[in-house]
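The chains referred to below are lettered A, B, ... by the order of the sequence lines, with proteins before strands, and numbering in each begins at 1.
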There are 2 protein chains.
Amino acid sequence: MKVEMIFVGTELLLGNTVNSNAAYLSEKCAALGLSCYFQTVVGDNEERLSEVVRTAMGRSDIILICGGLGPTQDDLTKETVAKVCGLELIENKEELEYIKDRMSKLTKKITENNWKQAMVPEGAITVHNPNGTAPGIIIEKDDKRIILMPGPPHEMESMFEDSIYPYLDSLTPATLVSRMIKICGVGESKAETMMLDLIDNQTNPTIATYAKDGEVHVRVSAMADSEKEAVKLIKPVVKELKSRFGAYIYSTQDDVTLEQVIVDLLRENELTLVTAESCTGGMVASRIVSVPGASEMFKEGFITYSNKAKRKYLGVKKGTLLKYGAVSEQTAREMAIGGCDTTKSDVCVAVTGLAGPDGGTDEIPVGRVYIGVCVCGSVLVRGFDFPGNRERVRMSAASKALALLRECLLDYFSQMTFGKDKRKKR
Amino acid sequence: MKVEMIFVGTELLLGNTVNSNAAYLSEKCAALGLSCYFQTVVGDNEERLSEVVRTAMGRSDIILICGGLGPTQDDLTKETVAKVCGLELIENKEELEYIKDRMSKLTKKITENNWKQAMVPEGAITVHNPNGTAPGIIIEKDDKRIILMPGPPHEMESMFEDSIYPYLDSLTPATLVSRMIKICGVGESKAETMMLDLIDNQTNPTIATYAKDGEVHVRVSAMADSEKEAVKLIKPVVKELKSRFGAYIYSTQDDVTLEQVIVDLLRENELTLVTAESCTGGMVASRIVSVPGASEMFKEGFITYSNKAKRKYLGVKKGTLLKYGAVSEQTAREMAIGGCDTTKSDVCVAVTGLAGPDGGTDEIPVGRVYIGVCVCGSVLVRGFDFPGNRERVRMSAASKALALLRECLLDYFSQMTFGKDKRKKR
């Protein structure tokens, strides 16, 4: 079935807002096995919106429309779509009660406009919106399905998850099953090359790759008459990907992040982490802290931007800084070891680099970053040359630091032949 | 003049990529005074792309098309548009030489496909692409202008700035002048309320607001026959906004960030900064480090996630933590003062809060954050209740910390009646 998306909002046409709803819905529809050929952004204007809706109804089976369901005069999506479909708007008592209840709880004055949101096209399915007052609407007309959702991403996303996704899923007779494979430590283009033959030959299952914050996410989806059959189709592809990417795969779950995996690894093994950052300036620590409950294994972190701070908090030797410079393998090594030593932590990840734009030399160009990881006394340091501007170099360095930290932890655990308790643990 | 945008790429329809080009171009076109009524995303498919281009040519004057100019077989934007316009593709010698030169420098093998990129529709203007091998193309057909640009944002953006923006500007007989006003420390909805009457009554100049990372950016644009006249139209509105927002305005320049302003303020006054972060876990420091040359005034920062770290590095008293807890005004105050004391820095910004999702109580709910700023001995602490999930609370806290830091610096400088040298500076 062909799906088409329409995003309504003058704020999108003015560039005030990035259309993140488009990427969200596109990924979800792809995961449902629905083909999307067109997406249109149009303003809050009856004539132009009518034109776009009519065009979509002429060429697609399912039309997802986002935005313009609010209480203000500008919001005219529902009215316009009802007119195009030749439907009257009638009051929905339940929604009316809900709006009254919600608004009074927020102790907000209920203006006349709010009642507008309880008006629903006759015969349409009303989809409750627990996060706002504008309900979603599903119109089934002939063999077309027109689905209206609110524009604010948190309202749209939870409504989609709870109600629209299952509805769309029920429209397709076949069962679609998909598996997510999350890869870190391999660049996007290298990852693509490593599975080009699989991507080129894909039909069912399909393989879609998503580059996200220095990681590569791969979704394998198969369509079949039953879940069992679909799983059977997916299995060999997932197995093949696992054998190709091995330990670079950090998770096969949709909602697990790299930082979550690291926090879990440390927590399970009762290890504490400290961060020692120069050019990333807190980015690595910030990603660790983004995991709820990280406080169990992450107690402190340093941003040692000056040489003096590197010496004072991490015990980097003056001679090392003089001889090799702050951006060197040696300094990264001493930062990682020193971070563990001065804080009596088990693990330290250290980053030192030249993010630019100035200061580059032939020997140490802009983009050069050294990352050191110390795990219970074992140290690994690697050097990188990241492309791009200051922000991109810093982002890449932080992502790579996390990937390397995970790699070192796994490596360390795999070598623990003498049992957990005898490690050089603090 | 009416502009319409078409974004070509199956990766957009699959949700692999967020369409950031759309927001970028929309904002630029709005700043040029061009009205955009439609934006369409379509895959790399000749039939569907032709349909979209024809529709656009039927209703708009300028059509901006992004993506699908690369060397692979999938890339067929140029071929399709040429066909729709009835133009032959002919080889452009200069582009051919450029591609040869660039590819050999990258020591990449030049495949047959690469030559495809030197083919240009007859009579079209070729726009050089210094960041890639696919040139931009401008087709002037009857009274329509069709502009093709590469899809990768860094290629598109620099080509747009250098060549397309001036070209579009030359098409409009009137002169458009715009001023940016960047506001921090005022929430989006409050800021909008504060200028609702100005926004409602806008015609020329127009007022557009953009919410960005806890800040509000306001662009005032006026169209007139001459620059002098346009400036005259803008002036009273800018003056009015300045009087309403006063010191909340941190810059009136497009390319200046809040962190840049803070770094400049500190540098000009020869003050050093230290950061002391708990729940933000390095976000504040990371934003400071994002400014090139921040190392002059930012030497070190602490992520004191545990109580022990707060005591050890910042000298927060055990009694304070016991009596008031880590998330308290008192702790934020001691963190800010201690940060200065232990590092002999002039200024410290400290953040402690409860980002959630767990741990909230009636007294200290999730979202509660205290921010303390110490400037040469003077301390200010403020408490906030930020809405949203863990990430949103942390982002809001970091943004507010920077806004508060700027506020305290300005306040301090304005009270320096006894001359620069007598401040309690380290």
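Taking both residues in full, the closest heavy atoms of Ser26(B) and Leu12(A) are given as OG-O, 3.6 Å, listed atom of the first, atom of the second, then distance.
Between chain B and the options Asn389(A), Ile6(A), Thr40(A), Leu13(A), the largest number of non-hydrogen pairs under 4.5 Å is found for Leu13(A). Comparing Leu25(A), Val284(A), Val291(A) by how many heavy-atom pairs each has under 4.5 Å with chain B, the most go to Val291(A). Chosen from Thr304(B), Val42(B), Asn19(B), the residue pairing most often with chain A at heavy-atom distances under 4.5 Å is Val42(B). With respect to chain B, the highest number of heavy-atom pairs below 4.5 Å among Ala23(A), Ser286(A), Gly282(A) belongs to Ser286(A). No other option in Cys29(A), Ala208(A), Cys36(A), Ser35(A) has as many heavy-atom pairs under 4.5 Å with chain B as Cys36(A). Ranked by non-hydrogen atom pairs under 4.5 Å with chain B, the options Lys312(A), His217(A), Met283(A), Arg48(A) are led by Arg48(A). Of the listed residues (Cys279(B), Ala30(B), Ala285(B), Ala309(B)), the greatest number of heavy-atom pairs within a distance under 4.5 Å of chain A belongs to Ala285(B).
No more than 12 heavy-atom neighbours from other residues, nucleotides or ligands sit within 6.0 angstrom of CE on Met395(A). No more than 12 heavy atoms of other residues, nucleotides or ligands sit less than 6.0 Å from atom NZ of Lys308(A). Few gaps surround CD on Glu391(B); more than 12 heavy atoms of other groups in view lie less than 6.0 Å from it.
With a 4.5 Å cut-off on non-hydrogen atoms, Val52(B) touches chain A through its side chain but not through its backbone. Heavy atoms closer than 4.5 Å to chain B are found nowhere in Phe7(A), neither backbone nor side chain. Residue Arg59(B) touches chain A through its side chain alone, counting heavy-atom pairs closer than 4.5 Å. Looking at Arg394(B), the atoms closer than 4.5 Å to chain A (heavy atoms on both sides) all sit in the side chain, from C-beta outward. Heavy atoms closer than 4.5 Å to chain A are found nowhere in Ile288(B), neither backbone nor side chain. Interface remark: Ser290(A) contributes backbone and side-chain atoms alike to the contact with chain B (heavy atom separation under 4.5 Å).
For a heavy-atom cut-off of 4.5 Å, chain B lies close to Pro292(A), Ala294(A), Ser295(A), Phe298(A), Lys299(A), Glu300(A), Gly301(A), Phe302(A) in residues 292-302 of chain A.
Residues satisfying the side chain to side chain donor-acceptor pair (under 3.5 Å) criterion with Thr275(B), sequence neighbours excluded, are absent altogether.
Using a 4.5 Å cut-off on side-chain heavy atoms (C-beta onward), Thr209(A) and Glu11(B) make no contact. With contacts defined as side-chain heavy-atom distances shorter than 4.5 Å, the pair Leu14(B)/Glu27(A) does not qualify. The side-chain heavy atoms of Val41(B) and Phe38(A), taken from C-beta on, include no pair separated by under 4.5 Å.
Note that OH of Tyr37(B) is 13.0 Å distant from CD of Glu51(A), once rounded to the nearest 0.5 Å.
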Under the side-chain contact (heavy atoms from CB on, under 4.5 Å) criterion, do Val18(A) and Tyr24(B) qualify, and how do the steps go?
CA-CA 9 Å; Val18(A) 174; Tyr24(B) 175 87; over 6 Å; no
